[in-house]
Number of protein chains: 2
Amino acid sequence: MSSSPYGNDPADADSASACGPRFDPLYRQIYGLLTRQLQSGQWVPGQMIPTEQALARQYQVSAGTVRKAIDMLVADNILKRRQGRGTFVQTHREPRSQFRFLRLRDDQDKVPPFTSRILFCKRLRAPQDVARMLAIKPAEAVVQVRRVLDFEAIPTVLDDIWLPGSRFRGLSAEMLDAHDGPLYDLFETEFATRMLQGKERVTAILADTQTADILAMGLGQPLLSVERVSETYEGEPVELRRGRYRTDRHHYLSELR
Amino acid sequence: MSSSPYGNDPADADSASACGPRFDPLYRQIYGLLTRQLQSGQWVPGQMIPTEQALARQYQVSAGTVRKAIDMLVADNILKRRQGRGTFVQTHREPRSQFRFLRLRDDQDKVPPFTSRILFCKRLRAPQDVARMLAIKPAEAVVQVRRVLDFEAIPTVLDDIWLPGSRFRGLSAEMLDAHDGPLYDLFETEFATRMLQGKERVTAILADTQTADILAMGLGQPLLSVERVSETYEGEPVELRRGRYRTDRHHYLSELR
DNA sequence: GAGTGGTCTAGACCACCAC
DNA sequence: TGGTGGTCTAGACCACTCA
């Protein structure tokens, strides 16, 4: 967590050794308090949090200190400031951050319009590898969703999604079909689970029979394999995805900084 | 440029329309001044810039304002603060930011050790597509470098690199062979060209005869195609790379935020 | 101990938004 | 017009590095 342009980040220290707690600045403590309150659901996605002044009074610190804590949460894409209006809990529902994690792009590096089809949604005991990636016990309950994304009516992405059964009690194909918009919006709204960050491991593979069939392509054609682990607060993994991307019409865009 | 957790970023405005200049805060102006001085080579990579106090005096603003400008440059990976020592121009030479743009990882998501072999370095007139990506005129001079990266003696990456001939006058295979460490270090040191950010477009392809031969793999096996455009100050493109990555032992890592 | 960046404060004023 | 975040200031003190 907490990848911000602020000092004291242990991962950014010149000496690689993990030193002790050193010194915890006030604004970091406020950051922690706010994070915990967000995590507890005290403020829901889309809602306005108290003003900087109010928080400063509440925590008995100066406005500048609260501001710095909020800066970090904004850098984490957890909060969003709107000048003249207030500071709001970020949401995957909002147009500008819809499909924030989707890296597939067209020739102009834009997210192309697409539609989603749910192939199935079932509950099962977590296979070994899925359990490991989700940091749960093997054979614990998980929900598996398979879906296809069509870009201009061309099936392009085949996703298998695994979610911890305990968090996603009640998730069903009907619910998924009824919902439109990003999955992460549904997860926020119905399961109080916000995807905050993730990692994708990308490799090149050959289409197997089943995938080639679903994506209407030749056997042995190349595909991008995209394995995503998404995390919520405190880096807790709450989603595993295995995507197969056709990249004859699109590409995976990665920004280098 | 300028992707920072700070306000007034037009790209972050709720209304997508490009409004006028609005209001240019002082710290942005300082950011601009510092950027121009860095671009002009007034301070070279690795060198310390003047202290915040000194800059504040020089520009007739408060220390806090200079600090905020520097914060932005730090967020851009252009400067690096070291508490108790000073603020330094970031460099690709430093261990922590060596191979900053390389996304290939091993099973533990670490950058694996590797060695580089230059296959050739030649000058030619830019083909149409290369010229377009580098924003130069077709048939202008470019340098093309081909090299292989070996991971544990296994050829894994085949890179073709195109550089504008005007900037990279004097680049030769001998110079490349003599140099060890990141290419971007050489580019900084010998050609005053700092790679600040970039984009990679990743697709899955099948190995052709030549590539399969160089990477010691079967024809028709899947490969990652990684097309990188790197930019220096003001988003000026100064490098085009086409990489072919074997991903049977490694993967391409992408962080989602 | 001198010099650097890092934190924290208190307060003034500005730009923006909604009513 | 009132309230929000955004900017800017001046100054005190702390943590860290190095000689």
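Letters A, B, ... mirror the listed sequences (proteins, then strands); counts begin at 1.
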State whether [X] and [Y] are salt-bridged, where the test is any N-O pair (Lys NZ or Arg NE/NH1/NH2 against Asp/Glu carboxylate O) under 4.0 Å.
X: Asp76(B); Y: Arg257(A); result: no
X: Glu190(A); Y: Arg169(A); result: no
X: Arg167(A); Y: Glu236(A); result: yes

**OP:** Provide, to the nearest angstrom, the distance between the CD atom belonging to Gln83(B) and the P atom belonging to dC18(D).
**Re:**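 Whole-Å distance recorded here is 12 Å.
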
**OP:** Quickly work out the Asp24(B) CG to dA15(C) P distance and round it to whole Å.
**Re:**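 Answer to the nearest Å: 12 Å.
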
Any N/O pairs under 3.5 Å between the protein and nucleotides 9-13 of chain C? List them or say none.
residue	atom	partner	partner atom	Å
dT9(C)	OP2	Ser62(A)	N	2.8
dT9(C)	OP2	Ser62(A)	OG	2.8
dT9(C)	OP2	Thr65(A)	OG1	2.4

Original post:
Given the rule that a pair is Watson-Crick or G-U wobble with both distances under 3.5 Å, how would you write DNA chain C in dot-bracket, using | for pairs to a different strand?
Top reply: ||||||||||||||||||.

side-chain N/O [X] vs [N] OP1/OP2, d < 4.0 Å:
X: Arg85(B); N: dG5(C); result: no
X: Arg82(A); N: dC17(C); result: no
X: Tyr27(A); N: dC8(C); result: no
X: Lys68(A); N: dT7(C); result: yes

Original post:
Out of dG5(D), dT7(D), dG6(C), which nucleotide sits closest to the side chain of Phe23(B)?
Top reply: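 The closest nucleotide is dT7(D).
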
Original post:
Between dG5(C), dG6(D), dT7(D), which nucleotide gets closest to the side-chain atoms of Glu52(A)?
Top reply: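 So the nucleotide nearest the side chain must be dG6(D).
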
Subject >> Asp109(B), CG: over 12 other non-hydrogen atoms inside 6.0 angstrom >> reply: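 Yes, CG of Asp109(B) has more than 12 neighbouring heavy atoms, counting only those of other groups under 6.0 Å.
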
Subject >> Glu255(B) atom CD, over 12 foreign heavy atoms within 6.0 Å >> reply: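 Atom CD in Glu255(B) is packed in, count exceeds 12.
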
**OP:** Give a yes or no on whether the ring-centroid distance for Tyr245(B) and His250(B) is below 6.0 angstrom.
**Re:**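 No, ring centres 6.0 Å or more apart.
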
Subject >> Centroid separation Tyr184(B) to Phe99(B) less than 6.0 Å >> reply: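 Not close enough - the centres of the two rings lie 6.0 Å or further apart.
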
**OP:** Look at the rings of Phe187(A) and Phe168(A) and say which category their plane angle falls in: under 30° parallel, 30 to 60° tilted, over 60° perpendicular.
**Re:**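 Ring orientation of Phe187(A) relative to Phe168(A): perpendicular.
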
Subject >> Residue met sooner reading DNA chain C from 5', once Pro50(B) and Gln29(A) are mapped to nucleotides >> reply: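 Looking at the nearest nucleotide for each, Pro50(B) comes out on the 5' side.
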
